[in-house]
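Written below as structure tokens is the structure these notes are about.
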Amino acid sequence: MASQYCPQEIDEKWQQRWEELGIYKAIDNDSKPKFYSLVMFPYPSGDLHMGHMRVYTISDVISRHRRMQGFNVLNPMGWDAFGLPAENAAMKRKLHPESWTKENIRYMRDEQLKKLGTSYDWAREVTTCDSNYYRWTQWIFLKMYEAGLAVRKSAPVNWCPECQTVLANEQVENGACWRHPETPVEQKQMHQWFLKITNYAEELLADLDTLKGWPERVRVMQQNWIGKSQGAELFFKVKEHPELQVNVFTTRPDTIFGVSYLVLAPENPLVAKLTTPECKAKVDEYVEQSKKKTELDRMTAEKTKTGVPTGSHVINPFNGEAVPVLVSDYVLMSYGTGAVMGVPAHDERDFAFAKVFNLPVTEVISASGSPTTDGLKAAFLEQGVMLNSGEFNGMGSAEAKLKMIAWAESNKAGKAHTQFRLRDWLISRQRYWGCPIPLVHCEKCGINPVPEKSLPVILPVEGVEFTGEGGSPLKRMNDWLTVDCPKCGGTAQRETDTMDTFIDSSWYFLRYVDAKNPELVFAQDKVNYWMPVDQYVGGVEHAILHLLYSRFFTRALRDMGLVKCAEPFTNLLSQGMVTMYSPVSGRIEKMSKSRGNVVGTLDFFKKYGADAARLFTLFAAPPEQELEWNEDSAVGQYRFLGRIWRLVDELLEKGCIDSKQNAVTIDSEKLDAAGKALLKQVHKAIKAVSTDLGNAHYGFNTAIARCMELVNALYKYVQEVNPQGHSALLTFAIRNLLLIIAPMAPHISEELWHLCGFASGAQDSIHISSWPQFDDALTVDQDIELVLQVNGKIVNKVGVARGLDRQSAEDLAFGDDKMKAKLGGAQVRKVIVVPDKLVNVVI
RNA sequence: GCCGAAGUGGUGAAAUGGCAAACACGCUACGUUCAGGUCGUAGUGAGAGCAAUCUCUUGGGGGUUCAAGUCCCCCCUUCGGCACCA
């Protein structure tokens with residue numbers, strides 16, 4: 001055995017051996033309890049840095065631990081391989097996106113993920129840009145099309161001029177493209193394909209409550225995003241055009257008697273119909289101006305209200321009053337009906353608007369039920385008592401709300417309505433490197449789906465030219481473009497838009513269960529055996545996008561009878577990001593190439609080994625927290641591993657490791673005091689690490705600390721006691737130390753496991769050994785320190801044997817010299833005894 | 001503005017309402033070494049004291065409790081989500 005820890009000589013050896021032995025293969029429909037461990041698959045950008053490695057390490061430790069606990073673990077890996085960066089890189093480097101992507105995958109798989117010592121079942125590898133994956137993406141799309149969940153409609157959409165494509169709402173951040181924070185998105189009215197995620201809005205929101213294994217912050221983010229508001233849709237007839245009516249959505253139908261005007265969004269088609277000839281010039285100008293504003297402008301513009309009258313009026317269905325209709329850009333076309341009733345007395349924005357346009361402020365709710373004496377200074381937003389509201393006067397506003405909705409319904413003046421903020425998912429992309437949408441446009445028969453038997457619609461690879469101009473290169477691929485209409489057989493054209501890459505990742509976890517099936521998207525028995533995912537690990541940046549889409553997909557597939565579960569991910573761990581000082585910004589920021597603060601994986605692995613990298617990312621912070629990369633501290637983990645190595649080396653040298661000894665425990669009674677103490681340390685460490693790795697918070701940092709304590713205890717023992725003659729105890733300690741650290745440091749533990757002779761042969765591995773048991777009785781300290789307090793302040797600590805009864809503890813406290821001094825002769829009011837912990841005397 | 005998470009030594013952090021700072025990084029000393037590194041051992045929250053020891057300490061202020069980093073209320077700061085959402 002080398003006396004020095006040399007990861008360079010052991011890491012790759014074991015990585016290869018594990019692969020040969022196939023010990024990480026998951027077995028479908030095995031009788032052992034299953035554990036589906038999933039980590040968010042990477043985009044093959046070409047290089048993983050330490051920031052990425054954290055998430056794979058965390059998920060790998062969970063998988064390894066469960067495997068040792070006897071679970072049939074599914075721990076797969078794949079590639080989210082479609083997407084814009086490949087296309088942009090291809091244009092820049094004159095490569096095809098496919099070769100660029102495939103080469104990146106090879107490098108990231110073979111040179112990075114495998115060298116981290118991950119335990120993936122590579123037989124299930126999935127690559128979303130492979131036609132044997134995306135044919136099923138297309139198949140699911142067609143199923144959704146049949147179910148009416150994929151629809152083509154005209155809608156205002158977000159266009160990123162930089163990406164040259166439309167984007168989903170979820171991909172717009174602060175009014176800018178998620179890939180280009182400097183580029184504001186433009187609003188365009190376009191015919192596009194949408195998935196009707198809104199059909200599931202209610203369920204997606206309500207079921208968040210069932211996700212007890214998800215972090216609160218992620219649930220709240222999804223809640224905010226779905227954004228449910230309850231209220232009513234109310235109908236206003238147009239005075240000048242009795243055949244027209246304007247519907248508004250409001251959460252406050254109880255304020256309807258306070259309506260003093262109505263506002264339309266500039267994009268609302270009713271604007272043209274309601275504008276009178278006298279007002280047309282000004283309205284047209286206003287609408288033109290607001291069209292020029294990007295969403296970003298409209299959001300960041302000062303909140304002073306602007307607007308123009310249309311010249312028309314609508315009639316309040318509750319009191320028959322005619323109120324003017326105006327146009328203003330504070331009303332959004334994309335939310336509700338694109339029209340709002342103006343109630344200045346009870347809405348802040350309406351109040352501000354009324355002040356600018358000098359509109360009446362009619363108070364209809366007040367705290368007391370009588371009007372405010374000197375006029376409202378601001379909108380009154382709270383609940384209260386109704387006034388100026390006809391038959392509803394005197395009612396509480398909450399009650400009036402229900403009564404008024406009922407009145408509206410029976411008088412055909414409105415109806416109860418729940419409004420969601422969530423919008424349908426725009427999935428068309430005017431780009432090449434994505435999954436083709438399997439549809440055909442025929443001049444005679446319109447839009448037809450590609451028949452199932454003709455799938456996949458292969459994305460053409462040969463002869464594609466990337467000019468960066470004139471839209472998607474697919475539009476110029478005439479051979480590919482022209483196709484027989486599946487319905488009439490005439491000449492037709494393929495759809496040239498591709499799908500949003502988030503579609504690919506919305507179901508990949510379902511394909512892993514049956515990754516190579518050529519006949520089916522996945523077999524029923526397999527998907528029902530493995531799903532749902534037991535532990536998902538990934539970054540919080542996907543809290544809305546990917547996680548919401550996957551929840552939607554799983555529900556849609558459930559309704560088609562393809563899966564049984566509604567929620568795909570039972571437990572979710574959102575790991576914090578890895579940060580480091582950035583010389584670009586001068587701040588500590590998320591590790592990224594553009595910020596110039598990345599630590600490459602290979603250099604570190606070469607110098608200190610994969611285990612040190614793994615231990616550092618696990619040890620430096622709890623998994624949900626941010627972690628600042630610190631080279632010194634990471635090297636500290638390398639030293640810790642060296643300490644283990646030398647300890648085992650020394651014990652082997654001295655013949656203190658007995659490879660045959662594999663007792664479950666050691667008889668404590670036969671040990672001397674030092675031996676008992678060490679044995680206790682071992683059982684305590686097993687217990688603590690089992691708890692830390694087994695609970696929902698995954699205390700990897702404390703688990704490693706416990707291992708360090710055990711190593712420290714072993715050093716102390718070996719120094720104080722001649723280890724010779726104690727081989728049974730020392731073997732037991734080393735054996736268990738290696739087992740409990742194995743999930744976190746898989747290479748060194750495997751090497752030492754074999755060097756100690758604990759493996760049954762070259763075919764054996766520590767990683768398929770059983771997780772060790774601990775004896776709870778042996779973890780209990782028999783000698784404890786009883787804390788003596790007066791009024792909760794510590795006065796003294798005395799060593800006593802465990803199990804001292806209350807009375808003896810109290811006597812002991814009152815007999816203690818320091819306590820006596822502290823108490824003086826004061827009157828004792830109360831004595832609290834917490835057995836084996838403390839005595840608190842209250843004076 | 002609404003919602004959520006967090007705030008503990010020089011640093012990363014740890015603490016089922018019951019001894020605050022486990023475990024590390026860093027630093028200091030000693031040993032090993034020609035020396036440096038490595039390695040090993042010890043020390044290391046702040047203040048006072050030669051010392052035993054004492055006092056203070058978990059963003060700030062109140063409260064509950066025999067006992068609060070932990071529970072409750074108010075405030076401050078930082079980070080994150082939503083935001084002219086009717």
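Quick note: numbers below take in every heavy atom, side chains included, and nothing from hydrogens, waters or symmetry partners. Just so it is clear: chains get the letters A, B, ... in the order the sequence lines come, proteins before strands, and each one is counted from 1.
- In this view, A:F351 satisfies the ring-ring contact (aromatic ring centres under 6.0 Å, His included) rule with no residue, not counting sequence neighbours.
- Atom CZ in A:F249 sits 10.5 Å away from atom CE in A:M341 (nearest 0.5 Å).
- Of all the heavy atoms in A:T251 and A:S229, the pair that sits closest is CG2-CB, 3.8 Å.
- Note that the CZ atom of A:F235 and the NZ atom of A:K415 stand 5.0 Å from one another [nearest 0.5 Å].
- Between A:F700 atom CZ and B:C23 atom C1' the separation is 17 Å, expressed in whole Å.
- Checked against B:C85, B:G81, B:A22, the side chain of A:A705 finds its nearest nucleotide in B:A22.
- The separation of B:A46 from B:U57, taken at their C1' atoms, amounts to 7 Å, rounded to a whole angstrom.
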| said: Return a single string for nucleotides 53-58 of chain B, one symbol per nucleotide in 5' to 3' order, where B is base contact, S is sugar-phosphate-only contact and - is none, cutoff 4.0 angstrom on heavy atoms. | reply: ------
| task | Would you give a per-nucleotide map of nucleotides 11-21 of chain B, 5' to 3', where B means the base has a protein non-hydrogen atom under 4.0 Å away, S means only the sugar-phosphate does, and - means neither? | result | -BSS-B-BBS-
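- Considering NZ of A:K716 and CD of A:Q681, their distance stands at 9.0 Å, rounded to 0.5 Å.
- What you find for A:K305 and A:F353 is that their closest heavy atoms are CB-CD1, 3.6 Å.
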Which pairs, protein N/O on one side and nucleotides 3-10 of chain B N/O on the other, fall under 3.5 Å?
none

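- Atom CG in A:N712 sits about 12 Å away from atom C1' in B:U41, given to the nearest Å.
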Below 3.5 Å is the cut-off: list the nitrogen or oxygen pairs between protein and nucleotides 43-48 of chain B, distance only.
none

Nucleotides 35-40 of chain B: which of its N/O atoms have a protein N/O under 3.5 Å away?
residue : atom : partner : partner atom : Å
B:C39   : O3'  : A:R646  : NH2          : 3.1
B:G40   : OP1  : A:R643  : NH1          : 2.8
B:G40   : OP1  : A:R646  : NH2          : 3.2

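- Scanning RNA chain B for stems, defined as runs of 3 or more consecutive Watson-Crick or G-U wobble pairs whose donor-acceptor distances all fall under 3.5 Å, gives the following ranges: B:1-7 with B:76-82, B:10-12 with B:23-25, B:26-31 with B:39-44, B:45-48 with B:53-56, B:59-63 with B:71-75.
- Residues from residues 335-351 of chain A with heavy atoms under 4.0 angstrom of RNA chain B, sorted by number: A:Y335, A:V340, A:R349.
- As rounded to whole Å, 14 Å separates atom P of B:C23 from atom CD of A:Q637.
- Atom CD1 of A:I741 and atom P of B:A24 are 12 Å apart (whole Å).
- Residues that satisfy the side-chain hydrogen bond (donor to acceptor under 3.5 Å, both in side chains) test with A:Q171, not counting sequence neighbours, are A:R429, A:D500.
- Here B:G62 is in the anti range [glycosidic angle more than 90° from 0].
- B:C66 and B:A13: their C1' atoms are spaced 31 Å apart (whole Å).
- Applying the side-chain hydrogen bond (donor to acceptor under 3.5 Å, both in side chains) criterion to A:R421, with sequence neighbours excluded, gives no partner residue.
- Here, B:G69 and B:A15 have their P atoms 16 Å apart, quoted to the whole Å.
- Remark: A:K590 does not engage A:E626 in a salt bridge, criterion side-chain N to carboxylate O under 4.0 Å.
- Among residue pairs with one or both ends in residues 783-807 of chain A, those qualifying as salt bridge (Lys or Arg N to Asp or Glu O under 4.0 Å) are A:R802-A:D836; sequence neighbours excluded.
- Only the P atoms considered, B:G12 is 12 Å distant from B:G7, to the nearest whole Å.
- When rounded to the nearest whole Å, the span between CZ of A:R421 and C1' of B:G81 equals 10 Å.
- A straight line from CE of A:M221 to C1' of B:G80 spans 7 Å, rounded to a whole angstrom.
- For A:D347, the side-chain hydrogen bond (donor to acceptor under 3.5 Å, both in side chains) partners are A:R349, not counting sequence neighbours.
- The pair A:K822-A:D816 fails the salt-bridge criterion, with no side-chain N (NZ, NE, NH1 or NH2) lying under 4.0 Å from an Asp/Glu carboxylate O.
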